[in-house]
Amino acid sequence: MMKTPTIPCHIVSGPLGVGKTSAILNYLRHHASSQRVGVLVNDFGPIGLDSTMLQAESPSTKVLNIPGGCICCTMLAELPQCIDRILSEQTLDRLIIEPSGMASPAQVIDLLEQYQEKLGIRLQPTIVILSASQFDAKTYERVLYFNVFCEAADILVFNRCDQVSDAKIKAAQEWGENLDPPKLRVLTTSHGKLPSEIFDLSVDPPQTPEPVAHDHHHHNHEHDGDHDHHHDHDHAHDPTVHPGGFILDPGRSFDEEVLMINLMRICHQGIADNQVLRLKGVFHTDAGWQSIEIANRAVSFRPSAHRRDNRMEWLTQPGIVDQSQMLTEIDRPLNL
């Protein structure tokens, strides 16, 4: 029997040692007396230190631990049962899930989206915490371990700002604010102190970004993290180069084979006598979420941790390719 999805469920994720537990503790100190909060913790080790600390500092909070494994792999199958258990033992106003720093947030998001109606939860924007003291843009973009966290984040938080210079804090925040697709919030803080209002944010329905072509369709794609925004903007100053883009609901799924073949064709043949100079996107496909890019007359695919929407942007020359044309081309049946 399906339950009404009324309980807000928050994923607080991030690499090892960035202050996830501190952030949850800070929230509990301010709200545990007025809210019935449940916390589900995945300790990577067998002892369950994080869950023990949470329970000790907030005795009124219902804390359940999944110890001795990584929630995104060996323990993933147990997650729905653990959520059902914690919800059945106590009526909650809010549920917070802290995956291990070794866990991929994308897999946890996928599972919760699949089960949220059955469990009676409502998945809220994913909070990812990074350490400002560890910030390095190239590392975060190129190393898969960090990249999956940055891509999955709806709300990106740089913690431990008390340990670094103002210049590094500014660099981290500017980098976060230039991520594509944009985050709902990019915050800097210390000691895990998060503003309470971020727990009330929701992901708005997809809206097409500017600049935009003139058709409203059901697709969108995303960018893969190399963040060469200045490159694209330089092209946009050329009057013969035209941008386009769209954002679509995450429930829209693409056939990966059809998408790959059509993008390869577009890459080499263009669209209606227009060359595709640049294309970047994220697509929900039948084989999972994929980050896709056309650059230097080559197409690249890689797994993406982004889950909020499908999205794509492109640059064409010499003419405009609008959303309707692009959607037709990437969805074109292979027998044509």
Side-chain angles (χ1 to χ4, degrees), residues 5 105-107 109-114 116-117 122-126 148 150-155 179-184 201-225 227 229 232 242-267 271-272 274 276 278-295 299-316 320-334 336:
Q107 290 180 281
I109 294 167
D110 287 344
L111 187 72
L112 293 182
E113 286 182 338
Q114 179 183 351
Q116 62 180 342
E117 287 191 18
R122 184 175 68 252
L123 196 58
Q124 301 298 100
T126 300
V148 295
C150 298
E151 286 189 342
D154 294 313
I155 299 167
L179 287 175
D180 218 349
K183 306 305 179 186
L184 296 177
L201 292 175
S202 60
V203 177
D204 295 329
Q207 296 180 355
T208 303
E210 297 292 343
V212 60
H214 307 295
D215 192 271
H216 299 289
H217 248 59
H218 346 284
H219 298 56
N220 183 320
H221 315 332
E222 148 135 73
H223 311 340
D224 60 10
H227 310 301
H229 301 86
D232 290 354
H242 303 280
F246 50 73
I247 296 177
L248 303 176
D249 188 277
R252 170 65 160 93
S253 181
F254 293 82
D255 184 299
E256 185 184 49
E257 181 182 12
V258 171
L259 183 64
M260 179 177 65
I261 291 174
N262 281 333
L263 285 171
M264 292 177 66
R265 174 179 52 79
I266 290 169
C267 174
I271 300 175
N274 295 306
V276 178
R278 189 82 164 107
L279 182 150
K280 298 171 72 178
V282 169
F283 297 81
H284 184 194
T285 77
D286 55 356
W289 287 82
Q290 296 288 332
S291 179
I292 300 169
E293 178 180 11
I294 292 178
V299 181
S300 63
F301 276 59
R302 66 171 178 80
S304 174
H306 176 78
R307 294 295 188 271
R308 186 157 21 118
D309 48 39
N310 293 279
R311 64 172 61 207
M312 186 169 73
E313 291 182 349
W314 58 88
L315 295 170
T316 55
I320 296 173
V321 173
D322 65 21
Q323 293 178 42
S324 174
Q325 287 177 286
M326 183 61 75
L327 291 172
T328 298
E329 292 296 328
I330 65 175
D331 268 346
R332 180 186 290 188
L334 297 186
L336 296 179

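The figures here come from the full heavy-atom set of this structure, side chains too, leaving out hydrogens, waters and symmetry mates. Being a predicted model, the structure only gives us computed values, none of them experimental.
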- Task: Give the intermediate values and the outcome of side chain to side chain contact (heavy atoms under 4.5 Å, CB included) for residues I261 and L334.
- Result: CA-CA 8 Å; I261 291 174; L334 297 186; 3.8 Å; yes

- Search all heavy atoms of A305 against all heavy atoms of E151 and return the closest pair with its distance. N-OE1, 2.8 Å

- Message: Restricting to non-hydrogen atoms, name the atom on P182 and the atom on R308 that form the minimum distance, rounded to 0.1 Å.
- Response: O-NH2, 2.6 Å

- Message: Once rounded to the nearest 0.5 Å, what's the spacing between atom CZ of R332 and atom CG of L327?
- Response: 13.0 Å

- Nearest-0.5 Å distance that lies between atom CD in Q325 and atom CG in N274: 7.5 Å

- Task: Evaluate the ring pair (Phe, Tyr, Trp, His ring centres under 6.0 Å) criterion for residues F246 and W314: first the C-alpha distance (whole Å), next the side-chain angles of each, then the deciding distance (0.1 Å), finally the verdict.
- Result: CA-CA 10 Å; F246 50 73; W314 58 88; 5.3 Å; yes

- Roughly how far apart are Q114 CD and I109 CD1, rounded to 0.5 Å? 14.0 Å

- Query: How far apart are the closest heavy atoms of A106 and R307, and which atoms are they?
  - Reply: CB-NH2, 3.2 Å

- Would you indicate whether E257, at its atom CD, is surrounded by more than 12 heavy atoms from other residues, nucleotides or ligands within a distance under 6.0 Å? no

- Message: Distance check, rounded to the nearest 0.5 Å: M260 atom CE versus I292 atom CD1?
- Response: 9.5 Å

- Query: So F283 and F254, would you call those rings parallel, tilted or perpendicular, with 30° and 60° as cut-offs?
  - Reply: perpendicular

- Apply side chain to side chain contact (heavy atoms under 4.5 Å, CB included) to Q124 and list each qualifying residue two or more places apart in sequence or on a separate chain. P8, H10, R122

- Query: Would you say the side-chain atoms of H306 pair up with the backbone N or O of A152, donor to acceptor, closer than 3.5 Å?
  - Reply: no

- Task: In sequence, state the C-alpha distance, the side-chain angles, and the governing distance for E293 and S300, and then conclude on side chain to side chain contact (heavy atoms under 4.5 Å, CB included).
- Result: CA-CA 5 Å; E293 178 180 11; S300 63; 3.6 Å; yes

- Item | Approximate separation, where rounding is to 0.5 Å, of K280 NZ and S291 OG | 8.0 Å

- Do R278 and E313 meet the salt-bridge criterion of a basic N to acidic O distance under 4.0 Å? no

- side chain to side chain contact (heavy atoms under 4.5 Å, CB included) between I266 and I330: does it pass, once the steps are laid out? CA-CA 8 Å; I266 290 169; I330 65 175; 3.9 Å; yes

- Of the options V321, L315, I294, which is the one that meets L279 in a side chain to side chain contact (heavy atoms under 4.5 Å, CB included)? I294

- Query: Under 4.0 Å between a Lys/Arg side-chain N and an Asp/Glu carboxylate O for R252 and D286?
  - Reply: no

- Item | Sidechain-backbone polar pair: D309 side chain, D249 backbone, donor-acceptor under 3.5 Å | no

- Please report the shortest heavy-atom distance between D255 and V258, naming the atom on each side. OD1-N, 3.0 Å

- Are D154 and K183 close enough for a salt bridge, meaning some N to O gap below 4.0 Å? no

- With rounding to the nearest 0.5 Å, note down the distance linking CE in M326 to CG in N262. 11.0 Å

- Query: What is the minimum heavy-atom distance between F301 and L263, and which atoms define it?
  - Reply: CZ-CD1, 4.2 Å

- Identify the two heavy atoms, one from V148 and one from P105, that lie closest to each other, and give their separation to 0.1 Å. O-CG, 4.0 Å

